[in-house]
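What you see is a predicted model, and the numbers here were worked out from it, not measured in a lab.
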Amino acid sequence: MSRSEFLRERNARWACLREVAERGAPGQAEFEAALQDLRALIGWSRAQVLAGLGLHPDNEPIP
């Protein structure tokens, strides 16, 4: 995968996760699947991805 393909795919998965987050919360199947899909691509921990969404790992908004 080229760098530009990777960036497009990464951005698309972030967008998908943000859309799913608007409809549901961490712990729901659709959210967890989208989160895991992004994590598999970028290699971040769950906490890092949640922080990228403005969420604390225990599902609370970051103050």
Side-chain angles (χ1 to χ4, degrees):
M1 177 183 302
S2 73
R3 178 81 173 146
S4 61
E5 290 170 330
F6 171 81
L7 293 174
R8 275 192 292 276
E9 187 64 27
R10 182 202 62 188
N11 292 346
R13 290 183 194 192
W14 270 110
C16 177
L17 184 57
R18 284 191 298 273
E19 288 174 20
V20 169
E22 289 177 10
R23 294 191 305 271
Q28 293 182 343
E30 185 181 20
F31 180 91
E32 294 300 326
L35 184 136
Q36 184 56 36
D37 192 40
L38 176 62
R39 285 186 62 205
L41 179 69
I42 64 176
W44 285 12
S45 70
R46 177 183 174 79
Q48 288 173 304
V49 174
L50 290 175
L53 292 173
L55 300 172
H56 191 269
D58 60 5
N59 305 334
E60 295 294 321
I62 295 174

Q: Check whether any side-chain heavy atom of N11 lies under 4.5 Å from a side-chain heavy atom of R8, and answer yes or no.
A: no
Q | Closest non-hydrogen atom pair between R10 and I42, with its separation | A | CG-CG2, 3.6 Å
Q | Nearest heavy atoms of L53 and R18, plus distance in Å | A | CD2-CG, 3.6 Å
Q | Expected output: side-chain R13 to main-chain D37 donor-acceptor under 3.5 Å | A | yes
Q: Please assess L35 against V20 for the test side-chain contact (heavy atoms from CB on, under 4.5 Å), listing each intermediate value before the final yes or no.
A: CA-CA 9 Å; L35 184 136; V20 169; over 6 Å; no
(Q) More than 12 heavy atoms of other residues, nucleotides or ligands under 6.0 Å from CZ of R3: yes or no? (A) no
Q: Of all the heavy-atom pairs spanning V49 and W14, show the shortest one and how long it is.
A: O-CH2, 3.7 Å
Q: Please report the shortest heavy-atom distance between R46 and R39, naming the atom on each side.
A: N-NE, 3.3 Å
Q: Please name the pair of heavy atoms, one in F31 and one in P26, separated by the smallest distance, quoted to 0.1 Å.
A: CD2-CA, 3.4 Å
Q | Distance (rounded to the nearest 0.5 Å) between S2 OG and E9 CD | A | 11.0 Å
Q.
For E5 versus M1, what's the shortest heavy-atom pair and its separation?
A. OE1-CA, 3.4 Å
